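By convention in this document, chain letters (A, B, ...) are assigned in the order of the sequence lines, proteins followed by strands, and residues within each chain are numbered from 1. Computed over heavy atoms, backbone and side chain alike; hydrogens, waters and symmetry mates excluded. Please read all numbers here as calculations on a predicted model, not as lab measurements.
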Amino acid sequence: MAKNRLPKQSEDFPAWYVEVVKQAGMAEHGLVKGMQIIKPHGYAIWEGMQRALDERFKATGHENLYFPLLFPESLFAAEKDHVEGFAPEVAVVTHGGGEKLEEPLVIRPTSEAVIWSTYATWIQSYRDLPLLYNQWCNVLRWEKRTRLFLRTSEFLWQEGHTAHATSEEAMEEALRMLEVYREVAEDVLAIPVLPGRKSPSERFPGAEETFTIEGLMRDNKALQCGTSHFLGQNFAKAYDVQFLNQQGALEYAWATSWGFSTRMIGALIMTHGDDQGLRLPPALAPVQVAIVPIYRSEEEHALVIEMSSKIRDALAGNGIKVRLDDRDQHRPGFKFGEWELKGVPVRMEIGPRDVEADQVVVARRTGGDKESLPVAGAIAGMAAMLDGIQSDLYDEATALRNANTHEVTDYASFVEGIASESGYWAGAWCGRVECEQKAATDTKATIRVLPVEREDPGAACLVCGRPGVERATWARAY
RNA sequence: CGGGGCGUAGCGCAGCUUGGUUAGCGCGCCUGCUUUGGGAGCAGGAGGCCGGCGGUUCGAAUCCGCCCGCCCCGACCA
């Protein structure tokens, strides 16, 4: 058995999380509170997410561009809800070139302000619409309490900002991008998510409607995994973005914005990781197959490396990301443990006995016994094996989520239930913020998601007993 | 911002109560030999402004004061 150098998830999940992030080489703390250094293994996973998202953005007609990090403070103040929502988290540059600036500059916590003030100069006619743009960048939000990947003051993300001629078109766009996020979360990250709508109190500052995909982590806490906002005409009015429609009348443009961040690396870790370390879905794993050679003498070393190299090349030729771990300073057992910690989906062991028999030993990160396979079969079947691991991870996470999703009809069992067992708790809600707040106080849970299309729950509000108008899903959340 | 904790080698820690030669231990690192199918063994070696400033004292990692930083819990949080 592998020696366990991580805290157990069941005993101390937060400690497990911090240790696995550090030991697997994902990230470490920066020199300033809330800043993080993303290390190669973490960054490679981010690059995988970027590719998956970016190709879907392009396929849905979007283009990338880039707006500046800084903008004048006065610009930020234009949209009232927006500035109020973000004010506590904004960092401001007051000095430059050794002198106090005439006007302080805001470091973007998000880019609606710069982008919409610029869109005002780009949009004159309905013929200029829609504008379907996205940018990949960093943002800064002064957070009181930070955790690697999950909540850092600086983080990387993409923010899409689109402008449309009609409300309907903007709403379609917001939902289209929500679906893109759902697809990437489920098909690429293997994280089952609940797509839906946020309650008014959880909306993005300045949004008319906020949509989210919500994931349930292994400790039964929920995590917001990407949001898409229908912004109405709020930003167009704040930054005076009007266009002439076909009838020659001036109208304010309709907006959306949507974001997906490095927080999702945290979601990936907390959805799939186990007591041995990370478990990466093959679709995202920077290394899908790690080959560990085993040998004693120089002669054995030569034979084993020769066969390992051939297998590596054959797998690479099939488009599989493979690494031959020929480091001589570590013994096989150490390498097994390290590749498991780093979450590599498949490990191949190749030793003298395998060379002799023209076979390899294959171990899946998702479990089951090691097995010996003929070399040709292992190579030919690797893509299918990786697909199997991808769906195993998704199925396992889905089963866990379903087992921890509860339906409730009365308040007492909701409060008692969530106190003893975290997870999703779904029930009827009257739509009033008073009930939302009362339940939040009593249970420490918040409404994570409402159905995209409002559904009559056919029951009385859990909290107050008035007629229910929504089916709300509650959970304690990150 | 409130409550608690911690700053000693790259990492994790002991030493401090009761001040006193050269500040220790484990892991990691370097060299050599032996090893290699689940985290190797032996031998030798390198590595310290004891968070910072000030005070007490013949003498401070150790006692006192102030400051800085980080972590945990809470409040807050697209």
Side-chain angles (χ1 to χ4, degrees), chain A residues 1-7 12 14-15 17-19 22-23 28-36 81-90 108-112 139-148 150-153 155 157-159 198 201-207 210-212 214 223-229 231 257-261 263 276-277 291-298 300-301 304-305 325-342 347-357 359-363 369-370 372 440-441 444 446 477-478:
Chain A
M1 288 301 289
K3 278 187 192 167
N4 197 331
R5 289 174 180 166
L6 291 171
D12 190 343
Y17 178 80
V18 171
E19 283 304 310
K22 289 183 181 170
Q23 292 186 28
E28 55 187 69
H29 290 285
L31 296 175
V32 172
K33 179 176 166 60
M35 301 290 150
Q36 74 179 340
D81 291 339
H82 190 60
V83 67
E84 279 177 13
F86 278 104
E89 303 180 31
V90 167
R108 64 178 165 221
T110 179
S111 299
E112 276 77 4
V139 288
L140 191 71
R141 298 179 185 181
W142 218 258
E143 298 287 352
K144 294 255 163 50
R145 195 170 165 191
T146 58
R147 301 190 69 187
L148 291 169
L150 297 175
R151 177 169 286 108
T152 49
S153 281
F155 59 89
W157 75 345
Q158 57 67 215
E159 45 179 327
K198 283 293 188 186
S201 62
E202 298 261 329
R203 268 180 207 146
F204 176 73
T210 286
F211 301 101
T212 178
E214 204 75 17
L223 182 73
Q224 185 168 297
C225 288
T227 48
S228 178
H229 315 289
L231 301 173
S257 69
W258 23 278
F260 185 110
S261 74
R263 166 183 268 195
Q276 264 57 250
I291 301 177
V292 178
I294 295 152
Y295 48 84
R296 293 186 191 80
S297 61
E298 282 297 322
E300 281 182 357
H301 178 258
V304 164
I305 292 295
D325 186 356
D326 58 356
R327 293 174 298 174
D328 195 42
Q329 68 268 36
H330 295 299
R331 302 184 357 154
F334 177 90
K335 295 178 182 177
F336 297 168
E338 191 177 66
W339 288 115
E340 275 164 13
L341 177 64
K342 284 176 170 285
R347 183 180 70 246
M348 263 188 192
E349 304 169 16
I350 301 177
R353 297 202 294 268
D354 302 305
V355 174
E356 187 73 26
Q359 64 180 27
V360 293
V361 172
V362 174
D369 294 332
K370 293 185 193 183
S372 287
T441 306
K444 290 183 190 163
T446 49
Y478 276 95

Provide the distance between the two [atom1] atoms, one in [N] and one in [M], to the nearest whole Å.
N: B:rG48; M: B:rC29; atom1: C1'; value: 16 Å
N: B:rC71; M: B:rA61; atom1: P; value: 28 Å
N: B:rG28; M: B:rC73; atom1: P; value: 31 Å
N: B:rU56; M: B:rU62; atom1: P; value: 15 Å
N: B:rG52; M: B:rU8; atom1: P; value: 10 Å
N: B:rC6; M: B:rG19; atom1: C1'; value: 23 Å
N: B:rG51; M: B:rA60; atom1: C1'; value: 16 Å

Whole-Å distance separating the [atom1] atom of [X] from the [atom2] atom of [N]:
X: A:K22; N: B:rG10; atom1: NZ; atom2: P; result: 16 Å
X: A:Q23; N: B:rG28; atom1: CD; atom2: P; result: 13 Å
X: A:D325; N: B:rG39; atom1: CG; atom2: C1'; result: 13 Å
X: A:E28; N: B:rG12; atom1: CD; atom2: C1'; result: 15 Å
X: A:R151; N: B:rC76; atom1: CZ; atom2: C1'; result: 10 Å
X: A:W142; N: B:rC76; atom1: CH2; atom2: C1'; result: 16 Å
X: A:H82; N: B:rC77; atom1: NE2; atom2: C1'; result: 15 Å
X: A:Q359; N: B:rG37; atom1: CD; atom2: C1'; result: 12 Å

| request: Give a yes or no answer on whether the side chain of A:K22 reaches the backbone of A:E28 with a donor-acceptor pair at less than 3.5 Å. | output: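 Not a single qualifying donor-acceptor pair exists.
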| query | Under 3.5 Å, is there a donor-acceptor pair between the side chain of A:H229 and the main chain of A:A207? | reply | no
| query | By salt bridge (Lys or Arg N to Asp or Glu O under 4.0 Å), which residues pair with A:E143, not counting sequence neighbours? | reply | A:R151
| message | Could you check, using the six-membered ring where one of them is a Trp, whether A:F155 and A:W157 have ring centers closer than 6.0 angstrom? | response | yes
| Quick check, are the ring centers of A:F204 and A:F86 under 6.0 angstrom apart? | yes
| request: Determine, for A:R108 against A:E159, whether the closest basic-nitrogen to carboxylate-oxygen distance falls under 4.0 angstrom. | output: no
| said: Under 4.0 Å between a side-chain nitrogen and a carboxylate oxygen: does that hold for A:E338 and A:R347? | reply: no
Would you indicate what [X] reaches in the nucleic acid, counting non-hydrogen atoms under 4.0 angstrom: base, sugar-phosphate, or nothing?
X: A:R327; value: nothing
X: A:S261; value: base
X: A:E89; value: sugar-phosphate
X: A:V361; value: base
X: A:F155; value: base

| message | Nearest to the side chain of A:F336, heavy atoms from C-beta on, is which of B:rC77, B:rG39, B:rG38? | response | B:rG38
Pull out every protein N or O sitting under 3.5 Å from an N or O of nucleotides 41-46 of chain B, one pair per line with the distance.
none

| query | Is there a donor and acceptor pair closer than 3.5 Å between the side chain of A:K370 and the base of B:rG38? | reply |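 Checked by distance alone, the answer is yes.
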| request: Establish whether the base of B:rG38 is bridged to the side chain of A:E338 by a donor-acceptor pair shorter than 3.5 Å. | output: no
Mind listing the N/O atom pairs, protein and nucleotides 67-74 of chain B, below 3.5 Å?
from, atom 1, to, atom 2, distance (Å)
B:rC70, OP1, A:K33, N, 2.9
B:rC71, OP2, A:K33, NZ, 3.3
B:rC73, OP2, A:R145, NH2, 2.1
B:rC73, O5', A:R145, NH2, 3.4
B:rG74, OP2, A:R145, NH1, 3.3

| Min side-chain heavy-atom separation A:V90-A:P109 under 4.5 Å |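 In contact.
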| Within 45° of the ring axis of A:Y478 and under 6.0 Å from its six-membered ring centre, is that where the NZ or CZ of A:R147 lies? | no
| When you match A:E202 and A:A363 each to their closest nucleotide on RNA chain B, which lands nearer the 5' end? |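 The answer here is A:A363.
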Could you list the protein-to-nucleotides 30-36 of chain B atom pairs, N/O on both sides, closer than 3.5 Å?
from, atom 1, to, atom 2, distance (Å)
B:rU35, O2', A:R331, NH1, 3.2
B:rU36, O2', A:Y295, O, 3.1

| What stem regions, each of at least 3 consecutive Watson-Crick or G-U pairs below 3.5 Å, can be found for RNA chain B? | B:1-7 with B:68-74, B:10-13 with B:24-27, B:29-34 with B:40-45, B:51-55 with B:63-67
| Which distance, rounded to the nearest 0.5 Å, do you find between the CG of A:D354 and the CD1 of A:I294? | 7.0 Å
| said: Between A:Q23 and A:K342, is there a side-chain donor-acceptor contact under 3.5 Å, judged purely by atom types and distance? | reply: no
| said: Do A:Y17 and A:D12 pair up side chain to side chain, a donor and an acceptor below 3.5 Å, judged on atom types alone? | reply: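 Side chains of A:Y17 and A:D12: no pair found under 3.5 Å.
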| field | side-chain contact (heavy atoms from CB on, under 4.5 Å) between A:S257 and A:E112, intermediate numbers included | value | CA-CA 8 Å; A:S257 69; A:E112 276 77 4; 2.8 Å; yes
| Non-neighbouring partners of A:E300 that pass side-chain hydrogen bond (donor to acceptor under 3.5 Å, both in side chains), sequence neighbours left out | none
